[in-house]
Structures are given as structure tokens and as C-alpha cells.
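Step one of this worksheet: look at the structure below.
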Amino acid sequence: MTALLRTAPAPAVEADRFPYRLSRLGVVMSPEEGNPHEVEGVLNPGSGRTPDGRLHLLPRLVAAGNVSRIGLAEVVLTDGVPTGVRRDGLLMEPDRSWERGVGHGGVEDPRVTFVAALGLHVMTYVAYGPLGPRTAVATSSDLRTWTRLGPVLYGYDDALDCDLNLYPNKDTTFFPEPVTAPDGTPSLAVLHRPMWDLGEMVPGEGDQPPTGLPDDRGSIWIAFVPLAEARADVRALVHWRQHRFVAGPEHPFEELKIGGGPAPLRVPEGWLLLHHGVTGELVRAFAQQKKVHYAAGGMILHAERPWEVVLRTSTPLLEAVTAEERSGIVPNVVFPTAIETVDDVHYVFYGMADSKIGVARLDRTADPA
């Protein structure tokens, strides 16, 4: 079990000494007046380019009752900088039985990665079904038409002494390039975040994390799909295995939990992962949280062994400061979910107080001292 869980904290630096910084640029998408699909916010988008090269967001659109759909919106560029969107309809609704329950439902928080090795956009999203939030996968060749592959199935590992299929899971995203898995197999890697509170589904069960896990707070894990299997049958993308703990809460802005953000970006130092850290007071795990603060931090994962953290921030790269970030459906939230490149500049799209979508510029700075 000890081989699966990191016990020593990773090197950490304050945000101003981390080799990357975020500079907010403003709001790119707000709820459209009179649109019934957006009355409770637009937030937490995926992103990608259609075959004609045009940049799009795939925003989560929230209707009354916290019912979410996934839309499509072309990004408007002004002098190469994202400044707004043009809506282009709905992509996905909670119209499968496993995406809705009695009195609730939704397809939420899409994370989209273009995996060149497959020639496909791969979307992970949260299906809010009868047993709560579960990760599901869909694929597309053009960003417009999506094929659902279904809920994720987690391969059993006896060393964990738990079946990850029992637990809700969120904040999942695929890496854009194949890596070598711990068993030496060329694989597609994917980050995920199990939620150990079985009491949310079965009263009295409480938290049941894996045996030997030193901290049951929400943490980032990694899993793998053999590349050859995914090439032979794309449905293999829902079969995740070789689970390893990557990083848990370590710093004040991560007091309650952490979770992964956009697809990791290949950088000279390794893999850049933007993540969120949460402070405040949590109520029921599946409920909308009103007493929390979400801030964005950064990690560098090892280039060849992405389950190892090389460096991480001890303070946020971005936190709720502006009115749009501090006031909304869930106040005090910045939640990065997408990174795109325009004219060699990286832009990060993020949810603002679960109500709007903002954009920040991502720049590489000097190496840390």
C-alpha cells in the first residue's frame, strides 16, 4: 500500500516564486437574460477547437433547480485576446437514466482534452444520477457531436482494500499525450478525485477511505488506460486502472480539499497542473456549498512519472477578489477548468462564483530560486 501513496510533502513555494503566474483579464461569458437554461449561472467550461480551427467553450449551463446542461459557445477574440462568446446551442442534456435521479439531475463540469493519439476530443463530465455524482466519458471528432461511452469503471486493486466503483468521483481530466504507466505500458493518463463519504448514499456508513490512506480529505489521484486498448476500441476509455494517489491538501488555501483543473499542460519542467483548493465550511457533500472559498493553485508533475509532484504552490495563483468572483450562486469561487493557446499565449478559463466564466492569462516566469 505504501507504494501507492506519497508520504513526504512535495517541495512548495509561494505563488510569486512558482514558475507560472495567472493574470485575470475579465469576464467572457455571463448568463443570457431570458434563457431558461442559464438562470442559475454559466460556469466551469471545457474547451476545444472545431475542425475549422475556431476556439469554443463548452460551458456548464445551470437551469432552475440546479439542473445542468452542456452548451457550445464560440470564443470571440479581440486583438487575439478572448473577450466574449457567441452561443451555438446545446450539446448534452441529462437525458439518460443514469444522469438524473428523482428530483435532481445534470451533466456537469465538462473537461475536454484533444488526444492526438486517438484523433478525438475526450470529455469527462459529472453525471448527477440516482446515486449522486459519477464521472462519465464522451468522445467527439468535431466538438459538436458527442458519443457517450458511459460511466467510468474503476479497475480493482486489492492493495487499496476498496472498490472505487462504490464512491462518487469528480474533477477528472485526461492528459493530452500518452505517458508510461507504472507497469511500463504506454497509456493515457487521467486525473480523478474520489469522494469517500458513503454516508451521503447510505445513512450511517460515514467516510470509508482506503486502508492506509493518511488523509481522507478530497485529493488528486491518477489512473491509466492502455493506449493500445483505446486505439483498438475507444470504449476502453471508461476502464481506468493502476490508481495512485498524487497530492492531497497541504497548505492553508487547501484546508478542506483539493481537485484537479484543466488538462495538464506539457511544459519544460514537466506537466503543469492547475488545481483548486478549498477553505471554509462544508455542508453535505452533494449540496451546493455556500460557506466555502475556492482558490487556484499550481503543481508541476514529473514529466515521465506524473504521479510524482515536483513542485507546488503554498499560496494561490488566483483567488476570489473581483465582484464577479466574490458574489454569485456560490460566493468566493475561482475554479479553473480549461487552457487554450491563441497566438502562442496560454489563456485559462475559469468559473466565477458558480455564475460566470472568466479568463486569465498564463505566463511562464523565471525559474524559482
Side-chain angles (χ1 to χ4, degrees), residues 5-22 24 44 109 111 133 167-173 191-197 207 209-210 213-222 244-265 270-285 287-302 306-321 325-326 330-337 339 348 350-354 360 362 368:
L5 302 178
R6 178 178 53 79
T7 56
V13 294
E14 293 187 359
D16 61 0
R17 296 182 60 234
F18 193 70
Y20 294 87
R21 68 166 179 262
L22 291 172
R24 63 172 50 79
N44 304 355
D109 295 351
R111 313 285 173 88
Y167 301 91
N169 206 308
K170 301 181 74 173
D171 298 323
T172 63
T173 185
L191 299 175
H192 62 106
R193 195 198 70 191
M195 303 164 67
W196 308 121
D197 187 4
D207 287 359
L213 186 70
D215 192 331
D216 63 2
R217 292 176 293 176
S219 301
I220 299 170
W221 288 59
I222 194 169
R244 288 192 171 220
F245 179 95
V246 176
E250 291 184 3
H251 303 291
F253 79 99
E254 307 164 335
E255 180 183 5
L256 297 179
K257 60 182 178 178
I258 64 172
L265 181 67
W271 292 100
L272 171 62
L273 171 64
L274 299 180
H275 71 286
H276 60 265
V278 185
T279 59
E281 179 183 346
L282 288 173
V283 295
R284 292 177 58 249
Q288 270 191 341
Q289 308 294 333
K290 300 288 189 177
K291 299 181 181 180
V292 292
H293 291 70
Y294 278 71
M299 300 181 191
I300 302 293
L301 307 181
H302 194 283
W307 53 91
E308 296 181 9
V309 180
V310 176
L311 185 70
R312 65 189 291 180
T313 58
S314 60
T315 55
L317 294 171
L318 195 71
E319 52 191 325
V321 171
E325 296 163 351
R326 299 190 65 181
V330 179
N332 302 304
V333 171
V334 297
F335 194 86
T337 53
I339 300 176
V348 175
Y350 66 98
M352 310 171 92
D354 275 18
L362 174 68

Mind checking whether F245 and W221 have parallel, tilted or perpendicular rings, split at 30° and 60°?
perpendicular
Show your working on side-chain contact (heavy atoms from CB on, under 4.5 Å) between E250 and V309 and close with a plain yes or no.
CA-CA 12 Å; E250 291 184 3; V309 180; over 6 Å; no
Taking the side chain from T313 and the backbone from G298, do they hold a donor-acceptor pair closer than 3.5 Å?
yes
So do the side chains of I300 and Y20 get within less than 4.5 Å of each other, counting heavy atoms only?
yes
If we ignore hydrogens and angles and just use 3.5 Å, is the side chain of R193 paired with the main-chain N or O of K257 as donor and acceptor?
no
Just verifying a value: how many Å separate L301 CG and I220 CD1, rounded to the nearest 0.5 Å?
8.0 Å
Is there side-chain contact between L318 and P336, with heavy atoms separated by less than 4.5 Å?
no
Donor-acceptor pair, distance only, cut-off 3.5 Å: does the side chain of D171 make one with the backbone of H192?
no
Check the pair L272, L362 against side-chain contact (heavy atoms from CB on, under 4.5 Å), reporting the backbone distance first and the verdict last.
CA-CA 11 Å; L272 171 62; L362 174 68; 3.8 Å; yes
Is there a donor-acceptor pair under 3.5 Å between the side chain of S314 and the backbone N or O of H251?
no
Tell me if a side-chain donor or acceptor on R217 pairs with a main-chain N or O of E255 at a distance below 3.5 Å.
yes
Side-chain contact, heavy-atom cut-off 4.5 Å: E319 with H293?
no
Assess whether atom CZ of R24 is packed by more than 12 heavy atoms of other residues, nucleotides or ligands within 6.0 Å.
yes
Close side-chain approach of P264 to T173, heavy-atom, < 4.5 Å
yes
Side-chain contact, heavy-atom cut-off 4.5 Å: R111 with T172?
no
Just so I know, are the side chains of P262 and Y350 near enough to count as touching, which here means a heavy-atom distance under 4.5 Å?
no
G259 backbone acceptor or donor facing H276 side chain under 3.5 Å:
yes
Side chain to side chain, Y294 and V292, heavy atoms closer than 4.5 Å
yes
Hey, does L311 have a side-chain heavy atom less than 4.5 Å from the side chain of P19?
yes
